[in-house]
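Okay, so here's the structure we're looking at.
Predicted model only: the values in this text are computed from it and were never measured. Numbers for residues simply follow the sequence, beginning at 1.
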Amino acid sequence: MCSTAQSTRYGFRSSLAGISGIQVGNLIFFVWIAFGLGELLAKATRAFTILRFLGALYLLYLGGRIIFSTFRRTAAESEDANLASANHRNLFLQGLLIQITNPKALLFVSALLPQFIDPRNAAPPQLAILVLTTIVVDSAVLSSYALLAARGAQSFHNSRVAAWMNRMLGAALVFFGFRLLASRK
């Protein structure tokens with residue numbers, strides 16, 4: 001969702017910064033899991049609840065910001081301002097924050113990773129292969145989504161449809177934020 005939202009607002013190349021942030025978040029998850037933080041978070045329900053709450057608030061903030069920005073200016077003015085303000089560092093941090101505050105992604109990695117580690121062999125090379133494979137595949141998938149979103153957004157450039165697309169993307173982020181707040185796991 002983050003990569004498609006960034007791609008439609010700032011273009012495909014700019015969305016690659018956000019995708020990079022997501023991948024650094026994945027790398028952080030793998031390091032945390034390697035040092036046992038996933039098991040600790042699974043047992044520490046309070047820490048998990050705080051992480052879930054922070055992730056939900058961030059999604060609500062991003063979604064609301066996207067929605068409200070479509071009402072401030074016309075679509076053409078908004079697009080020009082968005083392209084001018086596309087700071088790659090901010091997009092990278094946005095992707096990173098979305099990923100590391102997503103407790104479900106952390107639990108997914110912590111549940112998936114142990115199944116592919118052979119305890120009879122050295123762990124670091126196995127982890128390196130898993131990290132590299134995950135990052136390459138996830139980057140390819142997210143980049144494909146971002147490219148499709150950017151192509152679709154170009155065809156609606158400077159139209160009311162673009163504003164409504166941004167509103168829908170923002171609404172989806174808000175929906176997932178509320179859904180994350182409502183989840184108990």
Side-chain angles (χ1 to χ4, degrees), residues 1-30 52 54-109 112 130-181:
M1 185 61 62
C2 172
S3 58
T4 56
Q6 288 179 347
S7 185
T8 58
R9 295 188 79 206
Y10 306 112
F12 174 71
R13 287 190 181 170
S14 293
S15 73
L16 294 177
I19 292 170
S20 298
I22 292 169
Q23 298 317 317
V24 169
N26 283 335
L27 182 62
I28 290 170
F29 283 163
F30 275 95
R52 180 177 50 85
L54 291 174
L57 288 179
Y58 191 63
L59 286 175
L60 291 170
Y61 165 74
L62 285 178
R65 197 176 87 188
I66 289 171
I67 292 169
F68 292 123
S69 73
T70 64
F71 291 106
R72 280 187 259 163
R73 303 180 191 134
T74 65
E77 292 170 341
S78 179
E79 186 68 26
D80 292 341
N82 285 338
L83 289 174
S85 68
N87 181 338
H88 289 214
R89 189 180 74 154
N90 288 343
L91 297 177
F92 174 85
L93 289 174
Q94 198 176 75
L96 177 64
L97 283 173
I98 286 173
Q99 190 66 5
I100 63 172
T101 59
N102 182 355
K104 292 183 181 188
L106 177 60
L107 289 178
F108 175 75
V109 171
L112 181 70
L130 286 171
V131 167
L132 184 62
T133 303
T134 300
I135 289 175
V136 167
V137 170
D138 196 38
S139 294
V141 169
L142 292 177
S143 296
S144 299
Y145 289 156
L147 184 62
L148 288 171
R151 295 285 186 242
Q154 283 176 353
S155 63
F156 297 115
H157 185 69
N158 293 338
S159 72
R160 293 185 65 170
V161 175
W164 281 102
M165 282 178 49
N166 279 333
R167 289 174 191 151
M168 287 174 37
L169 286 169
L173 289 174
V174 169
F175 170 77
F176 288 123
F178 279 124
R179 185 169 175 191
L180 190 56
L181 277 175

I100 and G25 have their tightest heavy-atom pair at CG2-CA, 3.8 Å
Please list, chain by chain and in numerical order, all residues satisfying side chain to side chain donor-acceptor pair (under 3.5 Å) with R65, sequence neighbours excluded. Y61
So, taking the atom named CE in M168 and the one named CD1 in I67, what distance separates them when rounded to the nearest 0.5 Å? 11.0 Å
How long is the straight-line distance from OG1 of T8 back to CG of L148, given to the nearest 0.5 Å? 12.5 Å
With rounding to the nearest 0.5 Å, note down the distance linking CZ in R151 to CZ in F12. 8.0 Å
With sequence neighbours left out, write down each residue that passes side chain to side chain donor-acceptor pair (under 3.5 Å) with Q99, or none if nothing qualifies. N26
Answer yes or no: is there a donor N or O on one side and an acceptor on the other, between the side chain of S15 and the main chain of S7, under 3.5 Å? no
Working to the nearest 0.5 Å, report the span between OG1 of T101 and CG of L96. 9.0 Å
Which atom of G63 lies closest to which atom of L173, heavy atoms considered: CA-CB, 3.7 Å
Going from CD1 on I98 to CG on L93, what distance comes out if it is rounded to the nearest 0.5 angstrom? 11.0 Å
Is any side-chain heavy atom of Q23 closer than 4.5 Å to one of L142? yes
In terms of heavy-atom contacts, I19 and S3 come closest through CG1-CB, 3.6 Å
dist L169:CG -> T4:OG1 (nearest 0.5 Å) comes out at 5.0 Å
Tell me whether S69 contacts the main-chain N or O of I66 through its side chain, where contact means a donor paired with an acceptor under 3.5 Å. yes
Where do Q6 and L91 come nearest, in terms of heavy atoms and distance? NE2-O, 3.3 Å
